[in-house]
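Here's the structure, in structure tokens; my notes come after.
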Amino acid sequence: MRRLHALLLCLGAVAAPGSFAAECPAVPDASRIVVAGGSLTEILYDLGEEDRIVGVDTTSNHPEDAARFPSIGYVRALSAEGVLSLGPTLILGEEDTGPPNVVGQLRSVGVEIVLVPEEHSPEGIVDKVACVASVIGAGEAAAALMDERLRPAAERSRARMAARSERPRGMLVLTLQDGSPLVAGLETSGDGVLRMAGAENAFGEVRGWKPISPEAMAVAAPDFLVITDRGVREAGGLEELLAHPTIALTPAAREGRVFTMDGMRLLGFGPRTLEVADELAETLRAP
């Protein structure tokens with residue numbers, strides 16, 4: 001998305017034809033929204049537009065109040081019948097909403113569907129909020145959110161990413177997959193949040209989410225480790241995780257520099273992910 005147009009749109013200006021406004025146009029009726037994606041539910045609440053929601057997917061776990069809405073299942077495994085039963089005027093989904101055949105079925109019956117683009121960067125979060133605001137006609141609320149929270153946090157992240165100082169070197173683990181740590185490589189949300197915190201990804205040479213062997217872990221030797229709460233639970237707890245044969249090889253495990261976080265807050269790339277980047281950066285600066 002064109003970031004300048006996104007910001008202008010949220011401030012009430014008019015975007016040029018064929019630019020951001022064409023990618024996230026206002027819909028005719030956004031009074032009954034089914035949300036497929038936790039970051040989008042978070043954004044609607046931050047905009048004060050939660051009363052428009054009639055259903056959410058299972059990744060919509062923030063804020064806790066979102067649990068009051070009917071569930072449409074997992075964002076990538078929706079059913080057309082379940083969504084349509086809620087009578088939505090708009091389906092607002094993250095770009096990986098699926099499966100594709102279900103999205104096609106929903107479009108074929110004439111339901112308005114907007115899949116919001118995602119980029120794993122501070123600008124991408126700002127753009128995502130601007131896109132949602134544009135679609136539902138909440139530019140004034142978005143402008144206030146930008147000024148109070150998003151723009152200052154995004155600028156801090158950009159400053160860390162541009163800094164020339166030596167970067168702490170770490171890895172982000174989603175969970176254990178068949179006994180191997182599933183780590184974030186390039187073009188993942190995990191890589192994005194490490195960079196936003198001003199860190200270097202020890203697995204920046206791989207692409208996507210990849211299970212890592214003990215040999216590769218020994219070579220990478222990350223100084224710190226970030227892992228989701230779910231990953232810790234599936235490992236049997238933090239002590240079990242640190243004793244894992246692959247994890248135990250790292251300086252991060254030996255020095256106890258392991259940080260656990262809620263998965264959606266860490267990787268959802270909604271407004272809270274900007275807060276996570278600040279918190280992680282501050283923690284990494286500590287002795």
Side-chain angles (χ1 to χ4, degrees), residues 1 6-7 9-12 20-21 23-76 78 82-98 103 106 111-119 122-151 153-154 189 262-276:
M1 285 183 280
L7 293 173
L9 195 67
C10 279
L11 292 171
F20 177 83
E23 297 177 41
C24 299
V27 300
D29 183 358
S31 60
R32 295 180 58 82
I33 304 175
V34 165
V35 191
S39 69
L40 304 181
T41 299
E42 175 187 346
I43 289 167
L44 287 171
Y45 269 87
D46 283 345
L47 293 173
E49 299 290 351
E50 64 272 18
D51 288 346
R52 303 187 192 218
I53 300 173
V54 296
V56 298
D57 78 303
T58 55
T59 69
S60 296
N61 58 15
H62 178 82
E64 291 183 2
D65 182 67
R68 67 186 169 96
F69 296 111
S71 174
I72 58 170
Y74 181 52
V75 61
R76 299 181 192 173
L78 305 181
V83 172
L84 293 174
S85 69
L86 299 175
T89 60
L90 169 65
I91 299 166
L92 189 65
E94 294 178 345
E95 64 181 4
D96 60 353
T97 297
V103 173
L106 294 169
V111 178
E112 194 80 48
I113 300 177
V114 175
L115 300 184
V116 180
E118 180 160 290
E119 179 183 312
E123 295 86 356
I125 295 172
V126 170
D127 283 349
K128 185 187 284 189
V129 173
C131 181
V132 172
S134 171
V135 168
I136 68 171
E140 187 174 339
L145 180 60
M146 295 281 185
D147 288 339
E148 294 170 11
R149 285 179 53 193
L150 301 188
R151 192 175 295 112
S189 53
D262 172 75
M264 277 304 300
R265 185 168 179 261
L266 177 67
L267 302 172
F269 273 76
R272 292 187 300 157
T273 302
L274 286 169
E275 298 170 2
V276 164

With rounding to the nearest 0.5 angstrom, report the [atom1] to [atom2] distance, [X] to [Y].
X      : Y      : atom1 : atom2 : result
Thr59  : Glu42  : OG1   : CD    : 10.5 Å
Arg272 : Ile125 : CZ    : CD1   : 11.5 Å
Glu123 : Leu150 : CD    : CG    : 12.5 Å
Leu92  : Ile33  : CG    : CD1   : 6.0 Å

Do the non-hydrogen side-chain atoms of [X] and [Y] ever get within less than 4.5 Å of each other?
X      : Y      : result
Val54  : Pro70  : no
Met264 : His62  : no
Lys128 : Pro117 : no
Tyr45  : Pro63  : yes
Val56  : Ile72  : no
Leu267 : Thr273 : no
Arg68  : Glu50  : yes
Ile53  : Val34  : no

Partner set under side-chain hydrogen bond (donor to acceptor under 3.5 Å, both in side chains) for [X], not counting sequence neighbours:
X     : value
Asp96 : Arg76
Ser31 : Asp29
Ser60 : Thr41, Asp57

Heavy-atom closest pair, residues [X] and [Y]:
X     : Y      : answer
Thr58 : Ser71  : CG2-OG, 3.6 Å
Val75 : Ala36  : CG2-O, 3.5 Å
Pro28 : Glu112 : CD-OE1, 3.6 Å
Ile91 : Pro88  : CG1-CG, 4.3 Å

Query - From Val27, Leu44, Val114, residue fulfilling side chain to side chain contact (heavy atoms under 4.5 Å, CB included) relative to Ile136 - result: Leu44
**Report entry** Matching residue for Val83 among Leu106, Val103, Ile113 - test: side chain to side chain contact (heavy atoms under 4.5 Å, CB included)
**Finding:** Leu106
In chain order, what residues pass the side chain to side chain contact (heavy atoms under 4.5 Å, CB included) check against [X], with sequence neighbours excluded?
X      : value
Val276 : Val193, Met261, Arg265, Leu266
Ala141 : Leu47
Ser85  : none

Can you list everything that forms a salt bridge (charged side-chain N to carboxylate O under 4.0 Å, His left out) with [X]? Sequence neighbours excluded, please.
X      : answer
Glu94  : none
Arg149 : Asp46, Glu275
Glu49  : Arg52

Report task. Would you mind listing every salt bridge (charged side-chain N to carboxylate O under 4.0 Å, His left out) that reaches into residues 31-41, with sequence neighbours excluded? Result -> none
Query raised in the report: Run the side chain to side chain contact (heavy atoms under 4.5 Å, CB included) check on Ser39 and Phe269 step by step: do they pass?
Result: CA-CA 6 Å; Ser39 69; Phe269 273 76; 5.9 Å; no
Requested in this report: Determine, stepwise, if the pair Asp262 / Asn61 fulfils side chain to side chain contact (heavy atoms under 4.5 Å, CB included).
Outcome: CA-CA 10 Å; Asp262 172 75; Asn61 58 15; 4.3 Å; yes
